[in-house]
A.B. asks: 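Quick one: structure below, then a few questions.
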Amino acid sequence: QVQLVQSGGGLVQPGGSLRLSCAASGTIFSINDMGWYRRAPGQQRDLVATITTGGRTNYADSVNGRFTISRDNAKNATYLQMNSLKPEDTAVYYCSADLVAPHWWGDYWGQGTQVTVSS
């Protein structure tokens, strides 16, 4: 039984920062890519950032230079440091992990974390 548990969301003023965490628990054989996605109000879910096992990263143009994705393989965790936040960053953020578990290989998703950027 694998779970991805997120933390770190909240309300922040424009220009502020937040750090999101996502840790996978349970019996996990391996984790490949991990990533963060977000769904803004009335919008589809979009990719924010991804990171490979070796640490290679990709970012959406809208967050490039402001957000940083990282991972801790020993903790089966990924993090998203969000700086210089803008109102348009307001969304529910989801972490994802492509992993191998005893009964399933594929994508697992966190429960989602609300990030609200407002004055």
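When a residue number appears, it is its place in the shown sequence, counting from 1.
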A.B. asks: Evaluate the side-chain proximity of T90 to Q114: yes if any heavy-atom separation is below 4.5 Å, no if none is.
C.D. replies: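 A side-chain contact exists here, since the closest heavy-atom pair is under 4.5 Å.
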A.B. asks: Hydrophobic cluster membership, with links at side-chain heavy-atom distances under 4.5 Å among I/L/V/M/F/W/Y: are F67 and Y94 in one?
C.D. replies: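 F67 does not cluster with Y94.
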A.B. asks: Please find the pair of heavy atoms, one from G9 and one from L20, that lie closest to each other, and give the distance.
C.D. replies: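 Between these two residues, the closest heavy atoms are N-CD2, 3.6 Å.
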A.B. asks: Please say yes or no: joined through hydrophobic side-chain contacts below 4.5 Å, possibly via intermediate residues, are V92 and L47 part of one cluster?
C.D. replies: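 Yes; tracing contacts between hydrophobic side chains, which count when under 4.5 Å, links both residues.
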A.B. asks: How long is the gap from CD on Q44 to CG on D46, to the nearest 0.5 Å?
C.D. replies: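 Going from the CD atom of Q44 to the CG atom of D46 covers 7.0 Å.
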A.B. asks: Ignoring hydrogens, what is the shortest heavy-atom contact between A24 and L4? Give both atom names and the distance.
C.D. replies: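 Where A24 meets L4 most closely, the heavy atoms are CB-CD1, 3.7 Å.
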A.B. asks: What heavy-atom pair brings T27 and V2 nearest, and what distance separates the two atoms?
C.D. replies: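 What the structure gives for the nearest pair is O-CG2, 3.6 Å.
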A.B. asks: For the atom pair CH2 (W109) and CG (D107), what is the distance rounded to the nearest 0.5 Å?
C.D. replies: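 That separation rounds to 6.5 Å.
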A.B. asks: Heavy atoms only: give me the nearest S84-S17 pair and the separation to one decimal.
C.D. replies: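 Nearest pair, atom of S84 first, then S17: N-OG, 4.3 Å.
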A.B. asks: Report yes if the side chains of F29 and L99 come closer than 4.5 Å at any heavy-atom pair, otherwise no.
C.D. replies: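 SC-SC contact between F29 and L99 ruled out.
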A.B. asks: When hydrophobic residues are tied together by side-chain contacts of less than 4.5 Å, even through go-betweens, does I69 share a cluster with Y37?
C.D. replies: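 I69 does not cluster with Y37.
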A.B. asks: Considering residues at least two apart in sequence or located in another chain, which fulfil the side-chain hydrogen bond (donor to acceptor under 3.5 Å, both in side chains) criterion with S62?
C.D. replies: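 Listed in chain order: R38.
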A.B. asks: Quick check: are there more than 12 heavy atoms from other residues, nucleotides or ligands sitting under 6.0 Å from CD of Q111?
C.D. replies: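 More than 12 heavy atoms, drawn from other residues, nucleotides or ligands, come within 6.0 Å of this atom.
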A.B. asks: Can you check whether T53 reaches R71 side chain to side chain, under 4.5 Å on heavy atoms?
C.D. replies: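 Yes, close enough: below the 4.5 Å cut-off.
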A.B. asks: Output side-chain donor-acceptor pairs under 3.5 Å for residues 74-82, partner residues at least two apart or in another chain, one line each.
C.D. replies:
unit_1	atom_1	unit_2	atom_2	d
T78	OG1	W36	NE1	3.4
T78	OG1	S70	O	2.9
Q81	NE2	N83	OD1	3.0

A.B. asks: Find out if a path of hydrophobic residues (ILVMFWY) with successive side-chain heavy-atom gaps under 4.5 Å connects Y59 to V117.
C.D. replies: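 In one cluster with Y59: V117, yes.
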A.B. asks: Within this structure, what is the CG-SG distance for the pair D72 and C22, rounded to the nearest 0.5 Å?
C.D. replies: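 Rounded to the nearest 0.5 Å, the CG-SG separation comes out at 12.5 Å.
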A.B. asks: Taking all atoms of both residues into account, what is the closest heavy-atom pair of Q6 and C95, and its distance?
C.D. replies: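 Minimum heavy-atom separation between Q6 and C95: OE1-N, 3.1 Å.
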A.B. asks: For atom CH2 of W105, decide whether the heavy atoms of other residues, nucleotides or ligands shown that lie under 6.0 angstrom number more than 12.
C.D. replies: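 Result for CH2/W105: open.
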A.B. asks: Please tell me if the side chains of T50 and D33 come closer than 4.5 Å, counting only heavy atoms from C-beta onward.
C.D. replies: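 In short, these two side chains do not touch, never coming nearer than 4.5 Å.
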A.B. asks: Just wondering, are more than 12 heavy atoms of other shown residues or ligands nearer than 6.0 Å to CD in E88?
C.D. replies: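 Yes - once you tally the heavy atoms of other residues, nucleotides and ligands closer than 6.0 Å, there are more than 12.
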